[in-house]
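First the proteins, then the strands, lettered A, B, ... as listed; each starts at 1.
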2 protein chains.
Amino acid sequence: MRIMDAIDRRILRIVQKDASLSIYEIATQVGLSQTPCWKRLQRLEASGVIKRRIALLDPAKVGLGITVFVSIQVGDHSGKALARFAAEVSAMEEVLDFYRMAGDVDYVLRVVAPDTSAFDAFYKRLIEMMPLKNVTSRFALESIKSETALPIAT
Amino acid sequence: MRIMDAIDRRILRIVQKDASLSIYEIATQVGLSQTPCWKRLQRLEASGVIKRRIALLDPAKVGLGITVFVSIQVGDHSGKALARFAAEVSAMEEVLDFYRMAGDVDYVLRVVAPDTSAFDAFYKRLIEMMPLKNVTSRFALESIKSETALPIAT
DNA sequence: CTTGAAAGACAGCGGGG
DNA sequence: CCCCGCTGTCTTTCAAG
């Protein structure tokens, strides 16, 4: 895999903000002609730096008003039980983010739901999956910032 | 704004997973011809259900290996100080998500950084912005699931 | 890297059923 | 909703400097 130069990083900064731009517009912004700019994009996609192109939806407009952070401490730390737990939690579509953590908390989930009763149904399914020592749900009142574009070093 | 029917929801489920598909491919999957499918997409974009189209990058491949959840309890709850705090934190590019919370924790941030020393630099900037009663940083060891596609009710 | 050109795919929009 | 077809833009590839 080749190195990523300053122009590649500029291209990445552009497409992770707006992937609907044409090659011509991107090429103009980074000071290239279309052909080399297109080749760089192909290379960035082939090497996996660009994973995929997606459409971002408005959560409220598809009926998902609630965001909850769930912190979990498990009781049983045996590998087999944890692997099954990870697979089952990943399969739940309400779970958007799922991290294994350092420190006192074992897992953190970011969960979306239409309303509190839907979240409660999710919660009950979650705690029945395996014996959990502690589960803390923190409800978001307001999303102040929600960014998918990564900060790319210059 | 018109109602969103089952076909609209199917279109949304497709494009939030892969926005590189052509109109023809989407139309085929939902059982429409190109023209009405294209009109539905236009309407979904005009009404703001589809916010924008972006490219998703691999964090590790752009040198962002660290994800940290930061929980904040503020000391001063006066509106003016909080508004300034919210604006300043939002402006920090390491902050990808920033929520105001219900309960004991006032704010939760999801922060990315190249390494722990870069996070430490961020942390120092953060705690100097205003007097904070408690700031807890939890480091992610592993991202088990990271999903941008919202679960759309059938 | 550049320009220029060519072929094909696709979006975007109309008319008609 | 369907199909047909037009028009222009864009992608993708090529040759040549």
Rounded off to whole Å, could you give me the [atom1]-to-[atom2] distance for the [X] and [N] pair?
| X | N | atom1 | atom2 | result |
| --- | --- | --- | --- | --- |
| A:Arg40 | D:dT11 | CZ | P | 17 Å |
| B:Leu41 | C:dG12 | CG | P | 10 Å |
| B:Glu45 | C:dG12 | CD | C1' | 13 Å |

Short N-O contact, [X] and [Y], less than 4.0 angstrom:
| X | Y | result |
| --- | --- | --- |
| A:Asp8 | A:Arg40 | yes |
| B:Asp104 | A:Arg138 | yes |
| A:Arg53 | A:Glu45 | yes |

Quick one: does B:Arg125's side chain get under 4.5 Å of B:Glu88's, heavy atoms only?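 A side-chain contact is absent here, since even the closest heavy-atom pair is not under 4.5 Å.
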How about A:Leu109 and A:Leu126: do any of their side-chain heavy atoms sit closer than 4.5 Å?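 Side-chain contact under 4.5 Å: yes.
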Closest heavy-atom pair and its distance - B:Val108, B:Ser71: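 So the minimum-distance heavy-atom pair works out to CG2-OG, 4.3 Å.
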So which heavy atom on B:Pro59 is nearest to which on A:Leu150, and how close?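 Heavy-atom minimum between the residues: CA-CD1, 3.6 Å.
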A:Phe139 and A:Phe69 aromatic centres sub-6.0 Å: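 No, the ring of A:Phe139 stays outside the 6.0 Å limit from the ring of A:Phe69, centre to centre.
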Check nucleotides 9-11 of chain C for protein N or O atoms closer than 3.5 Å to its own N or O atoms and list the pairs.
residue: C:dA11; atom: OP1; partner: B:Ile23; partner atom: N; Å: 2.9

Both distances under 3.5 Å, Watson-Crick or G-U wobble: on that basis, could you give the dot-bracket string for DNA chain D, with [ ] for crossing pairs and | for other-strand partners? ||||||||||.||||||
By nearest heavy atom, map A:Lys39 and A:Thr35 onto DNA chain C; which one lands nearer the 5' end?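 Looking at DNA chain C, the more 5' nearest nucleotide goes with A:Lys39.
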